[in-house]
Amino acid sequence: MLHYTSTGSGQTIVLIHGFCENNTCFNEQVFLLKAHYNLICIDLPGHGLSPLQEPFGIEDIADRVKQVLDTCGVEQCVMMGHSMGGYVTLAFAKKHATYLKGYGLLHSTANTDSEERKNKRDQAIKLIQTKGAAFYVEQFIPPLFAAGTDAVLIKARQQSNANISSTTLITCLTAMKNRPDSHELLHTSKLPVAFIAGGQDAIIPLADMLAQAASVPVAHLTVLPDAAHMGMLEKPTEVTKAIGDFAAFCFGV
Ligand code: MLT
């Protein structure tokens, strides 16, 4: 079973973090939204306090997220996924849509990996095999933030994720490399879909998120011009407002 926290009361918002992160990256959103919502923050397999379990495709993780919701007795929620957590959210929306009132991508994409991106994942796997997990995590995290971000914030995320294992990193990189395209899901979505994009994001370009938002029948778009890939930490108030406004729209409150 995946580790999760459940905080606050009211309708449920599920938050799913990305690669090399854990559910504490949403602490600010939980703090600011818990008076109005029940926030379920899930640790992905091998991250935070969750064990690494096989099988480990993105779809398998979506099934484990469903297991958490069933355990919590949650029948309807709004789900937001950051980056790799967004890939899980898209897989969840394909397989378990009846649980959703709406879902969203925070610096994430319906695209599958380009050939160039797949090659970069192979290079990353080689780097982990030769230099180890701690080295990889240390150098992976800083470029996720916009230039000029407080070094203390970046250091805190490096420390919070310093113990992720090589097996987890390699398994995740392989799962992301093999994930399917999700454009059809977006084009035909009967649910509202939120997009939160960073103007400085080097991993998920702003243009990709704008194009995807334009393809969805009911989209809720927030652009953070000065943020890179970590809006929930770089611009916590704006991201909290975007999630809260989207949830209120989806739940009709
Ligand atoms: C993430 O932040 O979850 C990953 O960088 C996403 C990716 O590599 O596609």
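Here, residue 1 is the first one in the sequence, and each next residue gets the next number. Ligands are counted one by one from 1 in listed order, and the atoms in each one are counted from 1 as well.
- Side-chain atoms of Ser215 and His183 form no donor-acceptor pair, as typed in the model, at a separation below 3.5 Å.
- In the model, Asn23 has no side-chain atom that pairs as donor or acceptor with a side-chain atom of His47 under 3.5 Å.
- Sorted by chain and number, the heavy-atom contacts of ligand 1 below 4.0 Å come from Gly18, Phe19, Ser83, Met84, Tyr87, Arg117, Arg121, Phe140, Met176, Ile203, His229.
- The pair Lys118-Asp122 fails the salt-bridge criterion, with no side-chain N (NZ, NE, NH1 or NH2) lying under 4.0 Å from an Asp/Glu carboxylate O.
- For Tyr4, there are no ring-ring contact (aromatic ring centres under 6.0 Å, His included) partners at least two apart in sequence or on another chain.
- In this structure a side-chain-to-backbone donor-acceptor pair under 3.5 Å is missing from Ser160 to Ala156.
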Query raised in the report: ring-ring contact (aromatic ring centres under 6.0 Å, His included) between His17 and His82: does it pass, once the steps are laid out?
Result: CA-CA 5 Å; His17 66 79; His82 173 243; 8.6 Å; no
